[in-house]
Amino acid sequence: MFNSIGVIGLGVMGSNIALNMASKGEQVAVYNYTRDLTDQLVAKLDNQSLKPYYEIEDFVQSLEAPRKVFLMVTAGKAIDSVIHSLLPHLETGDIIMDGGNSHYVDTERRYDELKAKGISYLGIGVSGGEVGALKGPSIMPGGDKDAYEKVAPILTKISAKVNNDPCCTYIGPKGSGHFVKMVHNGIEYADMQLIAEAYTFLREKLHLEVNEIADIFETWNQGELKSYLIEITAEILRKKDEVTGLPLIDVILDKAGQKGTGKWTSMQAIDNGIPASIITEALFARYISALKEERVNAEKILTGPKTVQQKLDKNEWIDYIRQALYMGKVCAYAQGFTQYKMSSELNGWDLPLKDIALIFRGGCIIRAEFLNVISEAYQEQPNLANLLISPYFAEKVTDYQAGLRKVVCEGITSGISFPCLSSSLNFYDSYRKGISNANILQAQRDYFGAHTYERRDLAGVFHTDWQ
Ligand code: 6PG
């Protein structure tokens with residue numbers, strides 16, 4: 001009997017995807033470049049629906065045609081080398097899927113190279129971490145639609161479900177699936193940083209204990225802020241360190257790591273004139289955090305404001321922070337979805353924004369209650385320029401800006417930095433103004449470089465002899 005699908009790369013994510021496929025009735029071939037990971041996975045098995053192979057040729061030949069090979073291999077050169085070793089054994093019509101966090105530009109190159117050889121290539125965004133891979137991730141497949149249709153039954157089966165709807169939908173051509181996953185991660189960076197800033201306010205300005213903050217996050221998670229990241233933050237805050245008995249959060253070193261997808265999101269936005277300032281602030285917040293030794297030194301030299309701190313009413317301010325966090329999240333998701341819209345237009349991808357919001361409701365790291373309303377906004381207006389101007393969110397932010405302004409002002413006067421909250425407010429205040437100060441920039445450019453300017457009242461391009 002042939003296997004219905006093969007998985008290459010048996011780290012935790014690959015093993016869990018393979019186990020997920022097997023649990024949904026697929027007959028899965030598994031292969032890893034080194035034998036040990038295959039043996040470890042096989043040792044855990046109590047069923048026959050996962051079959052190990054130790055030679056790539058045997059692995060490929062065990063698959064029914066058209067062969068479907070799912071790669072869960074570290075992004076970068078390793079993907080090219082696996083493809084290289086697969087190629088001699090594949091036939092026209094076979095399908096390779098890359099489920100890792102590959103850069104979408106690499107995916108487009110691989111797609112073209114493989115298409116020329118008659119092999120279909122799907123770049124598949126997979127979100128949900130280890131548990132998601134095992135129990136149901138959110139899946140963002142990009143590539144040729146006919147190739148996707150051949151693997152859709154398996155991908156939809158293994159994906160997360162929300163009200164029985166699979167969190168998997170065809171995204172668009174070539175590298176668009178990996179692009180959507182990349183920006184998902186950019187939004188993830190902003191969402192995480194916004195939560196960290198709300199926590200900082202509760203801890204440093206309202207002087208709350210870690211447990212009280214966990215209670216607040218739990219309460220928030222029952223309302224319109226309900227989301228996976230809020231939920232896990234409450235759990236994180238409850239965790240005690242086994243060595244010291246302190247909240248574990250207090251012994252974790254304050255230096256953030258990153259693997260690149262958030263950075264790629266900012267770089268793509270910058271390259272294409274897309275305002276992704278909140279995501280980029282979140283990235284820079286990680287970079288500043290990484291300068292731990294410098295920050296410790298600077299603390300001895302640089303001081304904050306000398307203002308007398310007002311005592312803040314706890315309940316009143318907890319609600320301001322809730323509003324600020326919600327509005328920050330709306331602005332961050334609005335920027336991420338604008339990045340989808342503008343990039344879709346630039347690349348001719350025709351990204352289904354309404355459906356992307358729907359498949360983000362389950363399985364993925366940024367899953368959140370308000371993705372339902374985001375999806376509805378795009379359903380009502382498929383060409384919506386920005387989520388902020390949809391009737392639902394326009395009303396929300398009109399209301400919640402008061403909380404965001406208070407929190408950001410309080411941070412400024414007391415010397416606590418809120419990079420993503422303040423960036424959200426800056427974005428809101430600049431986006432909602434029909435007139436900006438760029439007339440000054442244009443005049444300066446024309447003054448020193450004769451770069452010309454346009455006028456508000458007359459058509460054409462103008463230059464002034466300023467001196
Ligand atoms: C997901 C996550 C996943 C990974 C991040 C971590 O959607 O399942 O985004 O892809 O955990 O890439 O990214 P950093 O290491 O850059 O924070």
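Order of appearance sets the numbers: ligands from 1, and atoms from 1 within every ligand.
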Which of the numbered atoms in ligand 1 are under 4.0 angstrom from any heavy atom belonging to [X]?
X: Asn185; value: 5 (C), 7 (O), 9 (O), 10 (O), 12 (O)
X: Gln258; value: 14 (P), 15 (O), 16 (O)
X: His184; value: 7 (O)
X: Arg286; value: 14 (P), 16 (O), 17 (O)
X: Ile365; value: 1 (C), 2 (C), 7 (O), 8 (O)
X: Gly128; value: 1 (C), 7 (O), 8 (O)

Between [X] and [Y], is the ring centroid distance below 6.0 Å?
X: Phe370; Y: Tyr333; answer: yes
X: Trp317; Y: Phe201; answer: yes
X: Tyr54; Y: Tyr31; answer: no

With under 30° as parallel and over 60° as perpendicular, where do the rings of [X] and [Y] fit, or are they tilted in between?
X: His103; Y: Trp264; result: tilted
X: Tyr53; Y: Phe59; result: perpendicular
X: Phe337; Y: Tyr340; result: perpendicular

Handout entry: Lys NZ or Arg CZ of Arg367 over Phe360 ring: under 6.0 Å, within 45°
Key = no
Please state which protein non-hydrogen atom is closest to [atom] and give its distance, to 0.1 Å?
atom: atom 11 (O) of ligand 1; answer: Glu188 OE2, 4.6 Å
atom: atom 7 (O) of ligand 1; answer: Ser127 OG, 2.4 Å
atom: atom 16 (O) of ligand 1; answer: Tyr189 OH, 2.4 Å
atom: atom 4 (C) of ligand 1; answer: Asn101 ND2, 4.4 Å

Completion exercise
Note: Met140, heavy atoms under 4.0 Å from ligand 1, region reported as neither
Practice task
Kindly say whether Gly260 contributes a backbone atom to a donor-acceptor pair with the side chain of Gln258 at under 3.5 angstrom?
Solution key: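 Pair found, side chain donor or acceptor close to backbone of Gly260.
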Exercise for the section: May I ask which of Lys259, Glu130, Lys181 has a heavy atom nearer to atom 3 (C) of ligand 1 than the others do? Expected result: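 Among Lys259, Glu130, Lys181, the closest heavy atom to atom 3 (C) of ligand 1 belongs to Lys181.
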Practice task
Return yes when Gly129 approaches ligand 1 closer than 4.0 angstrom through a heavy atom, no otherwise.
Solution key: yes
Exercise for the section: Consider every N or O of Gly257 and every N or O of ligand 1, then say whether any pair is closer than 3.5 Å. Expected result: no
Fill in the blank from the handout: side-chain hydrogen bond (donor to acceptor under 3.5 Å, both in side chains) with Ser4: of Gln27, Glu26, Lys68, Arg67, only one passes, and it is Glu26
